[in-house]
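Every chain is numbered from 1 and lettered A, B, ... according to where its sequence line falls, protein lines coming before strand lines.
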Amino acid sequence: MRNKITKILENALNVSMRKGQLPEVSLPYIEVEAPANPDHGDYAANAALILASQAKQNPRKIAQIIQENISDPENIIEKTQIAGPGFVNFFLKDALWHEALKNIDEQNEKYGSIDQGGGKKVQVEFVSANPTGPLHIGHARGAVVGDVIANLLMSAGYRISKEYYINDAGNQMNNLGKSVLLRYRELTGEKIEFPETCYRGDYIKEISGEILSREGDKYLKSNEEETIRYFTSIAGQEILEEIKIDLRDFGVTFDEYFSEKELYKNDGVTRLLDKLQKQGFIYSDGETLWFKTTDFGDEKDRVVIRKNGEPTYFAADIAYHLNKFSRGFEMIIDIWGADHHGYMPRMWAGIQALGYDKNALKIILVQLVNLLRGGVPAAMSTRSGEFVTLREVLDEVGKDAARYNFLMRRSDSHLDFDLELAKKQSSENPVYYVQYAHARICSILKMAQDRGVDPPVYADIDPALLDLPEEKKLIKLLVRYPETIFGAARSLEPHRVTFYLNELAGVFHSYYNKNKVISEDQRLTAARLFLVKAIRIVLQNALKILGVSAPEKM
RNA sequence: GCGCCUGUAGCUCAGCUGGAUAGAGCAACGGACUUCUAAUCCGUGGGCCGAGAGUUCGAAUCCCUCCAGGCGCACCA
C-alpha cells in the first residue's frame with residue numbers, strides 16, 4: 001500500500017521536473033509515512049520539505065506543484081491536501097482498505113511475507129557459546145534475538161541459514177577436561193585444590209561420576225595429557241547435547257553446528273594465513289605473526305600466530321568467516337554479546353582484507369541482561385558455579401514469557417529481566433496481553449460457530465459496514481503489518497514486531513470492550529467476524545515470527 | 001587515558017535512516033463484569049527528551065564539548 005503511494009509520488013515529481021516546474025534535483029529516498037494523527041491522512045509525504053533547500057523554493061509551493069501533477073491511474077486516492085510546513089497528505093478510498101482486508105484473508109499465513117530479500121542467501125550466527133557449561137540467562141537474550149532476526153528475514157524473502165559456532169578448540173576446552181579429571185580424582189577419594197581457571201558446576205561432577213561408573217578408575221594411572229583430551233571430548237559432547245536440548249525447549253533450532261576443530265582439520269587457518277600473507281597483510285616480529293588490521297581502521301595490529309606457534313582465536317575466526325563467504329552467503333549476520341564490541345573493528349578488517357565489503361558482515365550487539373528477582377539483583381557468577389541457567393528460567397517462567405521479555409527492548413539497550421515479573425500472570429506482563437487478544441478472537445469465532453454462523457467469506461460480507469473509527473483504525477493497522485516486517489527486517493530490529501503486536505492487541509481490546517462482534521444483525525456480524533478473523537491472522541503470523549505461541553484459550 | 005553503548009514521565013522503555021501537538025506499559029487515583037473470556041476496558045494527573053553550544057524552514061533524532069552509568073581496551077575465547 002505504501003509502495004503505491006511512493007510510486008505515485010515519484011511519478012508526480014518526475015512530471016514536475018519534466019515540465020520545468022521544479023529544477024532537476026535528485027531525491028535519494030522518498031519517504032512516505034503513516035502519520036500518527038488521522039487528520040493528517042492515511043499516508044503523508046515530506047518530499048516537498050526535503051526538496052525545499054535544493055530547489056530553493058518555498059516548501060508549500062513545491063507541495064502544490066507536486067499535488068497538481070499527481071495522477072492516479074488506479075483511482076485509489078480519495079483526496080490529497082497540503083498541510084503544515086509542506087506535507088502532502090494522502091487520503092485513500094475506502095474500497096482500497098476493503099481490498100486490503102480481502103487480501104489478508106486470501107494470503108492467510110503468508111500475509112506479511114514480502115519479497116524484500118529476493119532469495120538472497122544470508123547466514124545468521126548466534127549463541128556460539130563454548131560447550132563448557134550450560135547456557136545461562138546471558139546467552140538466552142542473544143539466542144532469541146538471533147532466532148527472531150532469522151525468522152524475520154525469512155518472512156522478508158531471504159534464504160536463511162542459522163548457525164552455531166562451537167568453540168571447541170581452545171584453552172577453555174582444555175580447562176573443561178582438566179576440571180572433569182580433577183572431579184574424577186576427587187570422587188576416587190583424592191583431596192583436590194581447585195585452581196581458579198577450573199569449572200566448578202555440579203554438571204562437571206556428574207560427568208566425572210558417569211565416567212567413573214562406566215569405565216572405572218583406570219584413568220588415575222593413564223597419561224594425564226591424553227586423559228584430559230579424552231575427558232574434554234566426552235564432556236564437550238555431553239554438554240553440547242544439553243545445550244541443544246535447552247535451546248530446543250526455548251524454541252531455538254539451528255541449521256548447522258560448525259565446529260572450530262573442523263576448521264583446523266581442514267587446514268582452514270593455515271590456508272587463510274597464506275592468503276593474507278600473499279596480500280601483504282601479515283608481518284613477523286621474529287616471534288609472532290601479526291595482521292595489519294590498522295590498515296582498516298583498527299586501533300592496533302593483532303597477533304595471529306602466538307609465540308608458542310599456536311594460532312589465536314582471532315585467526316581461526318577470520319578463517320571461519322572466510323569459510324562462511326565461500327559457502328555462498330551474500331550477507332553474514334553475527335549476534336554478539338555487547339562485551340565483545342571491541343572485537344568488531346578487527347573482524348571487519350579481516351573480511352575487508354579478504355576482499356569482502358564491510359557491509360556484508362552485520363554485527364548485532366546484544367546488551368547484557370541484568371537479572372532480578374522481585375526487584376533485587378540475582379547472583380550471576382560463573383566462577384562460583386552459582387549462575388541462573390537458561391533451563392531454570394525456562395522451568396520457572398516458561399518459553400513464551402521468557403522470549404517475549406527479551407524482545408521488548410532494542411538489542412543495544414540494557415535489559416532488566418525480573419524473574420518474578422516474567423512469571424506473573426498479570427497485566428504487568430505484556431506477553432499475555434497479546435496472547436489474550438488472540439484467545440479472545442478464537443473464543444468469538446467459536447461462539448459464532450456454536451450458534452451456527454459459518455466463518456464468513458469475503459464475497460458474502462459488506463465491508464462498508466465496518467465504518468466505525470475503531471474499525472478503520474484496525475484495518476489500517478493490519479495493513480501496516482507488512483510494512484512493519486519490512487522495517488524490522490531492514491534494520492534487523494525484532495523489537496519493532498513486539499511493539500506492533502502490543503499496539504494491535506491494544507486497539508483490538510478496546511474495540512472488543514466497546515462493540516459486540518456477534519449480534520442480531522447478521523450482516524454486521526458477518527462483516528465483523530471477517531475483520532476479527534483478519535486480526536487473528538496477523539496476530540498468529542507475528543507471534544510465529546517471535547516464536548511465541550498463540551493459544552486459543554487462556 | 002582511549003573506544004563502543006546508554007541517558008526521554010515516579011519506574012521500565014518506544015519514538016519507524018531530521019518532520020506536524022514527544023508516546024506506551026507499570027505504579028497512583030476514579031470508574032466499567034446478569035453481555036463474544038475483567039489476563040480486559042474507560043478516564044485523570046504526570047516532561048528543561050542528561051547539560052551547553054552548533055547545523056536549517058524544522059532537532060529527542062545530525063556535528064562538537066562536557067556530565068553520569070554500563071562494557072571493552074590480551075600472544076583469553
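Closest to the side chain of A:Val517, out of B:C36, B:A20, B:A77, is B:C36. Side-chain proximity of A:Arg490 to the nucleotides B:A77, B:U17, B:A20 is greatest for B:U17. Comparing B:C71, B:C36, B:C75 against the side chain of A:Leu368 picks out B:C71 as the nearest.
Scanning for salt bridge (charged side-chain N to carboxylate O under 4.0 Å, His left out) contacts around A:Asp334 gives A:Lys324, with sequence neighbours left out. Contacts of A:Gln449 classified as side-chain contact (heavy atoms from CB on, under 4.5 Å), with partners at least two apart in sequence or in another chain: A:Pro455. Under the ring-ring contact (aromatic ring centres under 6.0 Å, His included) criterion, A:His321 pairs with no residue, sequence neighbours left out. Residues satisfying the salt bridge (charged side-chain N to carboxylate O under 4.0 Å, His left out) test with A:Lys362, not counting sequence neighbours, are none. For A:Asn513, there are no side-chain hydrogen bond (donor to acceptor under 3.5 Å, both in side chains) partners, not counting sequence neighbours. Residues passing the salt bridge (charged side-chain N to carboxylate O under 4.0 Å, His left out) test with A:Arg496, sequence neighbours excluded: A:Glu493. A:Glu471 is linked by a salt bridge (charged side-chain N to carboxylate O under 4.0 Å, His left out) to A:Arg528, counting only residues two or more places apart in sequence or in another chain. Every ring-ring contact (aromatic ring centres under 6.0 Å, His included) that A:Phe530 has, sequence neighbours left out, goes to A:Tyr458.
For the C1' atoms, the distance from B:G15 to B:G54 is 24 Å, rounded to whole Å. For the C1' atom pair drawn from B:G31 and B:G70, the interatomic distance equals 43 Å after rounding to whole Å. Taking atom P on both B:G52 and B:U8, the two are 15 Å apart, rounded to the nearest angstrom. Of the P atoms belonging to B:A59 and B:C2, the separation is 31 Å, rounded to the nearest Å. Remark: the separation of the P atoms in B:A9 and B:G23 is 14 Å, to the nearest Å. B:C57 sits 41 Å from B:C42 when the C1' atoms are compared, rounded to a whole Å.
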Tabulate protein N/O versus nucleotide N/O from nucleotides 56-62 of chain B, keeping only pairs under 3.5 Å, one per line.
from  : atom 1 : to      : atom 2 : distance (Å)
B:C57 : N4     : A:Leu49 : O      : 3.1

All N/O contacts under 3.5 Å from nucleotides 41-45 of chain B to the protein, with atom names and distances to one decimal?
from  : atom 1 : to       : atom 2 : distance (Å)
B:C41 : OP1    : A:Tyr433 : OH     : 2.4
B:C41 : O4'    : A:Asn513 : ND2    : 3.0
B:C42 : OP1    : A:Ser510 : OG     : 3.0

Check: protein-nucleotides 3-7 of chain B nitrogen or oxygen pairs below 3.5 Å:
from : atom 1 : to       : atom 2 : distance (Å)
B:G3 : N2     : A:His341 : NE2    : 2.3
B:C5 : O2'    : A:Gln367 : NE2    : 3.3
B:C5 : O2'    : A:Asp412 : O      : 3.0
B:U6 : OP1    : A:Arg410 : NH2    : 3.1

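A cation-pi arrangement is found for A:Arg440 relative to A:Tyr512, the charged atom lying closer than 6.0 Å to the ring centre and inside a 45° cone about the ring normal. Remark: A:Lys292 fails to qualify as a cation-pi partner of A:Phe281 under the 6.0 Å distance and 45° angle criteria applied to the six-membered ring.
In this model, the phosphate group of B:A77 is not approached by any side-chain N or O of A:Tyr343 to a distance below 4.0 Å at OP1 or OP2. A sub-4.0 Å separation between OP1 or OP2 of B:A14 and a side-chain N or O of A:Arg409 is absent. Considering only side-chain N and O atoms, A:Tyr313 lies nowhere under 4.0 angstrom from the phosphate OP1 or OP2 of B:A77.
Within the 4.5 Å cutoff, the side chain of A:Phe314 has heavy atoms near those of the A:Phe291 side chain.
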Would you check, one step at a time, whether the test salt bridge (charged side-chain N to carboxylate O under 4.0 Å, His left out) holds for A:Lys265 with A:Glu260?
CA-CA 9 Å; A:Lys265 271 188 202 157; A:Glu260 186 183 355; over 6 Å; no
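You'll find the ring centres of A:Tyr500 and A:Tyr481 inside the 6.0 Å limit.
Nearest heavy-atom pair across A:Pro456 and A:Lys533 is O-NZ, 3.1 Å.
Taking the charged nitrogens against the carboxylate oxygens, A:Glu396 and A:Arg373 do have a contact shorter than 4.0 Å, which makes a salt bridge.
Rounded to whole Å, atom C1' of B:A39 lies 13 Å from atom CZ of A:Phe508. The nearest whole Å value for the distance from the CD atom in A:Glu503 to the P atom in B:C16 is 14 Å.
Nearer the 5' end of RNA chain B, as judged by each residue's closest nucleotide, is the contact made by A:Phe87, out of A:Glu310 and A:Phe87. Comparing A:Glu33 and A:Asp168 by the nucleotide of RNA chain B that holds the closest heavy atom to each, the one mapping nearer the 5' end is A:Glu33.
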Watson-Crick and G-U pairing of RNA chain B written in dot-bracket, each distance under 3.5 angstrom, with | for inter-strand partners
(((((((..((((.....[...)))).(((((.......))))).....(((.(..]....).))))))))))....
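The base of B:G72 does not come close enough to the side chain of A:Asp339 for any donor and acceptor atom to sit less than 3.5 Å apart.
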